[in-house]
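What follows is a single structure, written as structure tokens, with notes after it.
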Amino acid sequence: MNKNAYKLLHEGTLAFADMEYNGIKVDVRYCRRQKKNINQQIELLELELDRTEEMKVWRKRYKDDFNLDSTDQLKKVLFTDLKITPPAYTDKGNPSVNKDNLNLIDSPIVEPLIKLRQLKKLNNTYLKNIMEETVNGYIHPSFNLHTVQTFRSSCDRPNFQNMPIRDPFMGKIIRTAFIPRENSIIGGLDYAGIELSMAGCNSKDPLLIKDYITIHKTQAARCFALKEKQVTKDIRYYGKNGFVFPQLYGSWNVPIAENLLRITKGMQTVDNLDLYEHLEAKGISHPEIFQDHIENVETRFWETYSVHKKWQEGWISNYYKKGYIEMLTGFRCKGILSKNQLFNYANQGIAFHCLLWSIIQMNKWLKKYKMKSKLIWNIHDDMGLDIHNTEKEDVLQKAKEIMCIEIKKAWKWIITPLEIEAEFSNKNWYEKEKVKI
DNA sequence: TACTTCGGCGCC
DNA sequence: AAAGGGCGCCGAAGTA
């Protein structure tokens, strides 16, 4: 680690200490109400389950040892007693009963079981810990800078970096619990597509730099043979997390095609076409045909971003020569690293370091001018703020200056565009809305 | 009782 | 030819 990298960690730790001290305001009464409500839903679901023949088989086999939360028991019932063929296996070679695979099984217990897991996750992982860790109406999660291989941050007690958002049902229940201080708004400023922007800084691939914001939508459209205007937020999500990132970090068409095909079931396009039926109409819904199709998309992808591909090769051979990699922010990673790790480590840490640098400057500025607004979280590319109503313009303007302009003066290696989005609410974190800066 | 591993699942 | 990467937390099950 060079001197600049050290300084970033040192100042970052001090800024994080302030952030932890500030804390996030919690609506505790709301949490209590929700927890009770969910408990009732859980009871009803368990009654519903018990009316099925499958549960009779389960209870008969395990008698007093019966445990609805035991996946081992579930596997025995499904795959031994009911003689169902396991749809897939875990890494260790055992039958898998995760949500996706359970959904492939035709049984009346599948749907209530999945719902039950979700409700228990909400209560046991989220609401319970939010309430336990809240002191005098504020929660103070620990934000760590010393735990992660890639020199990202992490968070615990509770982990504030994995609060539900993608599933609207879960997102609403949990994020409604986080509220602004008096006369304030709560929300975050996040870097748009920062990891891809950083990939561009590494490889200097002109097309990747040009496309880094639009790439997910474009690739989603290609994967599902759609026009871009048909791509919903959900479909884009799978273009991003089901194709673009897996491609960049070492996956390939076979597992990618399998995943993408599975998630088409029940999804709809902007013009309300059923995504799977759309693939059928295009004649690419058969697993083997779809894989061929994704292979074509993959080939075209790497023909387009060939400069980045070349950089990946050089990055790896450089590691083999030196035995370590050095990030653009000066951090070094040593030890045995797989190809996929090497691809990922180059971008992941420095993407977060842009946020960390911005948080440090923002914190200094807020303290220097004795502002009422406070930094309250960091989530990899998202800076959480509680902004006092009287300071809205100033704080947002300064944040934009730091995050998009000043950082490029400090770090000349940032040769790509940096863009941010702000989302805030005067009610709660769930009801955040885009704010223009 | 305390600890580890596994599978599962939430986020970026 | 072809392992997406990085986290933290839960409960179950096995071991010491």
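What you see below is based on every heavy atom in this structure, not just the backbone, and it leaves out hydrogens, waters and symmetry mates. Labels below follow one simple rule: chain letters A, B, ... track the order of the sequence lines, proteins then strands, and each chain is numbered from 1.
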query: Is a salt bridge present between D81(A) and K76(A), judged by a nitrogen-to-oxygen distance below 4.0 Å?
result: no
message: Quick one about Q118(A) and D167(A) (side-chain donor to acceptor, distance below 3.5 Å, no hydrogens or angles considered), yes or no?
response: yes
query: From dG8(B), dG10(B), dC12(B), pick the nucleotide closest to the side chain of P164(A)?
result: dG10(B)
message: At 4.0 Å (heavy atoms only), tell me whether N94(A) reaches a base, stays on the sugar-phosphate, or touches nothing.
response: sugar-phosphate
field: Sugar-phosphate only, base, or nothing, as touched by I165(A) at under 4.0 Å among non-hydrogen atoms
entry: sugar-phosphate
- request: Nearest whole angstrom, please: distance from the C1' of dA2(C) to the CG of N340(A).
  value: 9 Å
- request: Encode nucleotides 8-16 of chain C as B, S and - characters from 5' to 3', where the letter depends on protein heavy atoms closer than 4.0 Å: B to the base, S only to sugar-phosphate, - to neither.
  value: BSSSSS---
- prompt: Counting side-chain heavy atoms from CB outward, which of dC7(C), dC9(B), dC6(B) is closest to K92(A)?
  reply: dC6(B)
field: Value in whole Å for how far the C1' atom of dA3(C) lies from CZ of F343(A)
entry: 12 Å
query: Which part of the nucleic acid, if any, lies within contact of V97(A), taking any heavy atom under 4.0 Å across all strands shown: a base, the sugar-phosphate backbone alone, or nothing?
result: sugar-phosphate
- request: Return the orientation label for the W302(A) and H308(A) ring planes: parallel under 30°, perpendicular over 60°, tilted otherwise.
  value: parallel
- request: Please name all residues satisfying side-chain hydrogen bond (donor to acceptor under 3.5 Å, both in side chains) with Y6(A), sequence neighbours left out, ordered by chain then number.
  value: H10(A)
query: NE2 of H380(A) versus P of dG10(B): gap in Å, rounded?
result: 16 Å
message: Need one value for Q348(A): base, sugar-phosphate or nothing, where a base atom within 4.0 Å counts as base even if backbone is also close, heavy atoms only.
response: base
- line: Rounded to whole Å, the OH-C1' distance (Y237(A) to dG4(C)) equals 13 Å
task: Would you indicate, yes or no, if dG4(C) has its OP1 or OP2 atom less than 4.0 angstrom from a side-chain nitrogen or oxygen of Q341(A)?
output: no
query: Base, sugar-phosphate, or nothing for S153(A), non-hydrogen atoms under 4.0 angstrom?
result: nothing
- prompt: Is a donor-acceptor pair below 3.5 Å formed from side chain R152(A) to base dC7(C), judging by atom type as modelled?
  reply: no
- request: For the residue pair H216(A) and F245(A), categorise the inter-ring angle as parallel (less than 30°), tilted (30 to 60°) or perpendicular (more than 60°).
  value: tilted
Lys/Arg N to Asp/Glu carboxylate O, E228(A) vs R236(A), below 4.0 Å: no
query: Going by the angle between their ring planes, with limits at 30° and 60°, are F160(A) and F143(A) parallel, tilted or perpendicular?
result: perpendicular
task: Take the protein atom CD of Q312(A) and the nucleotide atom P of dG5(C), then report the distance between them rounded to whole Å.
output: 13 Å
message: Any side-chain N or O of T150(A) below 4.0 angstrom from OP1/OP2 of dG6(C)?
response: no
- prompt: So does K265(A) have more than 12 non-hydrogen atoms from other groups sitting under 6.0 Å from NZ?
  reply: yes
field: W252(A) over dA2(C), stacked by centroid distance under 5.5 Å, angle under 30°
entry: yes
field: Value in whole Å for how far the P atom of dC9(B) lies from CG of N241(A)
entry: 17 Å
task: For F352(A) and dC11(B), give me the distance from atom CZ to atom C1', rounded to whole Å.
output: 15 Å
- prompt: When you check the phosphate oxygens OP1 and OP2 of dC6(B), does a side-chain N or O of T90(A) lie under 4.0 Å from one of them?
  reply: no
query: Between L342(A) (CG) and dA3(C) (P), how many Å, whole number?
result: 13 Å
- prompt: Is K99(A) touching bases, backbone alone, or none of the nucleic acid, heavy atoms closer than 4.0 Å?
  reply: sugar-phosphate
- prompt: Which part of the nucleic acid, if any, lies within reach of Y345(A) when heavy atoms closer than 4.0 Å are counted: base, sugar-phosphate only, or nothing?
  reply: sugar-phosphate
